[in-house]
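A short write-up of the structure that comes next.
As the structure is a computational prediction, the values presented were derived from the model and not from experiment. Just so we're on the same page: letters track the sequence lines, and every chain starts at 1.
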Amino acid sequence: MSNSPESPSRSDFIREVVAADRAAGKHAGRVVTRFPPEPNGYLHIGHAKSICLNFGIAAENPGGVCHLRMDDTNPTTEDPEYVQAIQDDVRWLGFDWQDKLFFASDYFERLYGFAVLLIKKQLAYVDSLSAEEMRRHRGTLTEPGTPSPYRSRSVEENLDLFQRMRSGEFPDGAHVLRAKIDMASPNINLRDPVLYRIRHVAHYRTGASWCIYPSYDFAHPLSDAIEGITHSICTLEFEDHRPLYDWVVEQCETSQRPQQIEFARLNVSFTVMSKRKLLDLVERKLVDGWDDPRLPTLKGLRRRGFTPEALRAFCEAIGVAKRDAVVEVQLLEHFVREDLNKRAPRVMAVLRPLRVVIENYPEGQVEQLEAVNNPEDPSAGRRPVPFSRTLYIDQEDFRENPPKQFFRLAPGREVRLRYAYIITCVGVIKDPTTGEITELRCTYDPDTKSGGPQAQRKVKATIHWVSAPHAVDAEVRLYDRLMLTDPGKIPVEDDWTTHLNPHSLERLSACKVEPSLATVSPGTRLQFERVGYFCADPDSAPGKPVFNRTVTLKDAWARIEKGQPTG
RNA sequence: UGGGGGAUCGUCUAGCGGUAGGACGCCGGCCUUUGGAGCCGGCUACCCAGGUUCGAAUCCUGGUCCCCCAGCCA
């Protein structure tokens with residue numbers, strides 16, 4: 001039995017587990033998920049998959065809820081700026097955690113209590129080995145580890161030492177608290193993992209009240225348990241942490257027993273997805289910030305004009321499975337085009353203007369022609385567009401010596417101006433010194449006006465244009481996303497940024513757009529006829545309109561992959 | 001090499017013993033007063049080898065390849 005294309009929501013293995021648990025009455029039939037980012041960077045398209053999954057599963061199950069939890073257990077990398085940005089992005093994507101916003105750092109006291117419990121149960125001990133010594137004791141993939149000489153400290157000594165770790169008696173690295181599990185375990189995560197480390201660093205939320213911080217392996221399962229999470233969905237690399245996750249929850253005797261389920265993280269071809277590398281780009285000022293439209297961050301995608309709807313449709317389409325996968329970046333852009341095609345009003349914009357004079361059109365005359373806002377959506381209405389004797393067309397739409405497949409304007413040829421008349425090119429004016437074409441002389445046929453008697457006359461092409469005296473100057477940025485020249489993995493080298501295609505931004509500032517765009521509200525998505533999808537920059541200063549290109553030109557992909565210019 | 005996972009069109013994904021389906025992509029055609037829009041058609045897949053079975057992507061056995069793990073990151 002195959003999924004019909006109309007099937008409302010797909011069924012993946014995680015949803016099957018959740019459904020089975022509900023049917024079996026596990027967790028009293030509740031479904032509680034969580035999205036647990038560490039606030040050490042901005043969210044990107046990869047996080048969108050996890051957000052859609054966790055919030056999606058909660059929404060699909062009656063009474064289901066999804067928590068937003070900041071996994072802020074490492075004070076050295078975290079920042080309130082990121083906490084805010086994460087919330088903005090999740091909301092922008094269209095999800096609501098209601099009052100379920102949590103912070104792992106709020107659990108520090110309880111976590112400490114659990115640690116004391118483990119010590120009392122002789123399941124945790126204070127180790128005083130150096131990091132280097134501890135690494136040596138851990139063994140290797142094939143050799144078992146050897147117990148630390150401090151492994152057999154008494155409960156009293158451990159309790160005393162741990163308390164003094166907390167009170168700040170010891171410098172960073174002097175001691176750690178470790179779980180006492182099995183130094184010979186074939187699973188290295190079980191060779192007495194570190195539960196607490198000393199870090200004399202102020203935490204952005206708890207300030208100086210703590211100088212010991214719980215590790216992920218300790219804090220995460222317990223945070224899940226504290227919040228009553230039923231299904232703790234995470235990525236594949238945590239698969240062999242699961243025995244440890246279960247051990248912590250079991251040994252701490254929590255009333256809730258969450259279940260960890262792993263899925264494959266999202267990779268997008270040619271796209272930089274690691275937070276570390278994105279941070280690198282931002283810090284080295286290779287981009288203008290986390291919201292640079294060339295970045296795959298949610299902020300960057302938003303600024304390019306990607307819609308939350310398109311991103312959600314994409315996440316739905318890629319599915320959830322356990323195999324390593326690299327989704328083609330074209331699939332992402334497909335969903336953006338599909339969405340924007342339905343909703344983006346069409347407007348005329350000339351990126352590289354070429355002046356055209358209609359010789360037989362009366363000097364000083366102006367006509368208001370009627371343009372359709374969106375042929376895909378009649379309810380979008382119509383608008384007037386002024387036509388006059390002097391126009392701009394795009395340089396691309398004229399060739400002095402047209403090649404075989406070129407059907408647009410050329411000397412002696414005719415072409416339709418969208419919503420206006422059929423014109424014929426009768427002359428080409430060049431700069432005498434450079435030989436550059438500076439102006440075209442044309443004539444128009446008054447009977448061929450849109451809706452006029454000869455309106456049905458066939459011409460080979462329709463081009464876009466703007467009236468020169470009415471045109472608005474605009475800045476148009478043709479972005480391509482910051483692409484790697486390698487489809488998936490970046491080779492390990494000194495500087496990974498040498499694998500970036502540097503030709504990802506072109507600003508065109510002589511652009512002329514139709515007068516209706518003199519004022520557009522920030523964030524407005526538009527389709528420039530014959531050119532592509534654009535977004536009025538949400539963050540640009542008022543004044544000259546600034547538009548960011550939303551999706552990359554289809555023909556550009558091949559060049560991007562080769563690291564060639566795409567403009 | 002120890003442990004944990006994974007292998008289905010070029011890409012992602014469905015399949016749960018009974019005709020391998022969908023989407024992206026690509027190719028071809030049509031249409032159009034924008035198209036990168038729309039319509040029509042086509043393309044290509046079960047990692048390998050055995051076995052069980054009337055019948056195997058699915059079950060069994062043995063291989064192969066890929067990913068993850070030796071942070072006081074998450």
Side-chain angles (χ1 to χ4, degrees), chain A residues 1-5 7 10-12 16 36-38 40 71 73-74 76-77 127 129-131 134-136 138-145 172-178 185-191 193-199 212-213 215-217 219-220 234-243 262 264 266 269 275-276 314 317-335 337-338 341-342 346-348 371-372 375-376 416-420 422 448 450-451 455-459 461-464 487 527-533 551-555:
Chain A
M1 187 170 31
S2 61
N3 268 0
S4 73
S7 77
R10 66 181 315 117
S11 166
D12 52 67
E16 276 172 21
E38 183 187 13
N40 65 350
D71 208 1
T73 58
N74 181 358
T76 57
T77 55
D127 197 351
L129 252 25
S130 70
M134 202 184 293
R135 191 178 62 73
R136 279 202 299 270
R138 188 149 35 226
T140 67
L141 294 179
T142 51
E143 300 155 333
D172 288 9
H175 309 282
V176 290
L177 184 74
R178 290 231 253 173
S185 172
N187 181 346
I188 291 180
N189 296 295
L190 262 21
R191 320 241 263 231
V194 169
L195 268 21
Y196 269 89
R197 71 281 210 190
I198 302 173
R199 281 255 214 292
I212 56 171
Y213 293 92
S215 64
Y216 168 87
D217 283 315
H220 204 91
C234 67
T235 43
L236 249 28
E237 66 268 29
F238 295 109
E239 215 155 11
D240 25 70
H241 291 240
R242 189 174 358 132
E262 309 86 9
L266 170 65
S269 59
K275 265 191 195 175
R276 203 223 108 222
F314 170 73
I318 57 176
V320 179
K322 289 191 76 161
R323 74 171 107 170
D324 298 302
V326 181
V327 176
E328 288 179 343
V329 65
Q330 282 87 344
L331 184 63
L332 172 61
E333 299 218 332
H334 161 79
F335 283 99
R337 288 193 182 95
E338 186 180 67
N341 183 45
K342 282 180 294 203
R346 274 58 169 171
V347 293
M348 290 199 285
V372 180
E376 313 280 327
R416 171 170 289 282
L417 297 178
R418 176 119 236 244
Y419 303 119
I422 293 175
T448 58
S450 250
Q456 298 313 309
R457 209 176 95 202
K458 290 277 185 195
V459 283
T462 299
I463 65 172
H464 60 142
Q527 187 193 107
F528 289 178
E529 302 220 31
R530 289 196 58 94
V531 178
Y533 297 104
V551 293
T552 299
L553 214 57
K554 278 186 176 172
D555 332 340

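- Base-pairing analysis of RNA chain B finds the following stems of at least three consecutive Watson-Crick or G-U pairs, with both pairing distances under 3.5 Å: B:2-7 with B:64-69, B:10-13 with B:21-24, B:25-30 with B:38-43, B:47-51 with B:59-63.
- Nucleotides B:C39 and B:A7, compared at atom C1', are 37 Å apart to the nearest Å.
- Heavy atoms of A:Pro375 sit under 4.0 angstrom from at least one base atom.
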Do any N or O atoms of the protein come closer than 3.5 Å to N or O atoms of nucleotides 3-6 of chain B, and which pairs are they?
unit_1, atom_1, unit_2, atom_2, d
B:G3, N2, A:Asp240, OD2, 2.8
B:G5, O2', A:Glu239, OE1, 3.1

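- Residue contacts shown for A:Phe238 include a base, since a base heavy atom lies under 4.0 Å away.
- Among the atoms of the strands shown, none is found under 4.0 Å from any heavy atom of A:Val372.
- Of the candidate nucleotides B:C16, B:G35, B:C73, B:C16 has the atom nearest to the side chain of A:Glu16.
- Annotation: side-chain contact (heavy atoms from CB on, under 4.5 Å) contacts of A:Ile188 (sequence neighbours excluded): A:Arg138, A:Leu141, A:Arg191.
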Taking only nitrogen or oxygen atoms into account, show me every contact under 3.5 Å that the protein makes with nucleotides 38-42 of chain B, one pair per line with its distance.
none

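- In this structure A:Arg135 satisfies the side-chain hydrogen bond (donor to acceptor under 3.5 Å, both in side chains) test together with A:Glu132, sequence neighbours excluded.
- Rounded to the nearest 0.5 Å, atoms CG (A:Asn341) and OH (A:Tyr533) are 4.0 Å apart.
- With values rounded to the nearest 0.5 angstrom, A:His334 atom NE2 is found 9.5 Å from A:Arg337 atom CZ.
- Taking for each of A:Arg197 and A:Leu141 the nucleotide of RNA chain B with the nearest heavy atom, the 5'-most of the two is the partner of A:Leu141.
- Side-chain proximity of A:Tyr533 to the nucleotides B:C68, B:C12, B:G35 is greatest for B:G35.
- For the atom pair A:Asp172 CG and A:Ile212 CD1, the distance stands at 12.0 Å (nearest 0.5 Å).
- Under the side-chain hydrogen bond (donor to acceptor under 3.5 Å, both in side chains) criterion, A:Thr552 pairs with A:Asp480, sequence neighbours left out.
- Counting any heavy atom pair closer than 4.0 Å across all strands shown, A:Ala131 reaches a base atom.
- In terms of the side-chain contact (heavy atoms from CB on, under 4.5 Å) criterion, residue partners of A:Glu143 (sequence neighbours excluded) are, by chain and number, A:Thr140.
- Heavy atoms of A:Met134 sit under 4.0 angstrom from at least one base atom.
- Within the 4.0 angstrom heavy-atom criterion, base atoms lie near A:Ser130.
- Between A:Arg138 and B:G71 there is a side-chain N or O to OP1 or OP2 distance below 4.0 Å.
- Across B:C16 and B:G4, the matching C1' atoms stand 24 Å from one another, rounded to whole Å.
- Shown here are the side-chain hydrogen bond (donor to acceptor under 3.5 Å, both in side chains) partners of A:Glu328, two or more places apart in sequence or in another chain: there are none.
- Residue-level contact check: A:Thr73 touches the backbone only, with heavy atoms under 4.0 Å from sugar-phosphate atoms and none from bases.
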Under 3.5 Å, which N/O atoms of the protein pair with N/O atoms of nucleotides 25-33 of chain B?
unit_1, atom_1, unit_2, atom_2, d
B:U32, OP1, A:Lys458, NZ, 3.2
B:U33, O4', A:Thr462, OG1, 3.4
B:U33, O2', A:Arg418, NH2, 3.4
B:U33, O2, A:Tyr419, N, 3.4
B:U33, O2, A:Ser450, OG, 3.2
B:U33, N3, A:Arg416, NH1, 3.4
B:U33, N3, A:Ser450, OG, 2.5
B:U33, O4, A:Arg416, NH1, 3.4
B:U33, O4, A:Arg416, NH2, 3.4
B:U33, O4, A:Ser450, OG, 3.4
B:U33, O4, A:Ala455, O, 3.4

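- Note that OH of A:Tyr419 is 7.0 Å distant from CE of A:Met348, once rounded to the nearest 0.5 Å.
- Contacts of A:Leu129 with the nucleic acid, taken as non-hydrogen atoms under 4.0 Å apart, include base atoms.
- Across B:C43 and B:G35, the matching C1' atoms stand 25 Å from one another, rounded to whole Å.
- Residues meeting the side-chain contact (heavy atoms from CB on, under 4.5 Å) test with A:Pro186, sequence neighbours left out: none.
- Taking A:Asp217 as the reference, A:His241 meet the side-chain hydrogen bond (donor to acceptor under 3.5 Å, both in side chains) condition, with sequence neighbours excluded.
- Of all nucleotides listed (B:U13, B:G2, B:C12), B:C12 comes nearest to the side chain of A:Val327.
- Comparing B:U1, B:A74, B:A70 by their closest approach to the side chain of A:Arg135 singles out B:A70.
- Heavy atoms of A:Val176 sit under 4.0 angstrom from at least one base atom.
- Among the protein residues, A:His175 comes within range of no part of the nucleic acid, since none of its heavy atoms lies under 4.0 Å from any strand.
- In this view, A:Lys322 and A:Phe13, A:Leu236, A:Glu239, A:Glu262 satisfy the side-chain contact (heavy atoms from CB on, under 4.5 Å) rule, not counting sequence neighbours.
- On the P atoms, B:U32 is 40 Å away from B:A20, given to the nearest whole Å.
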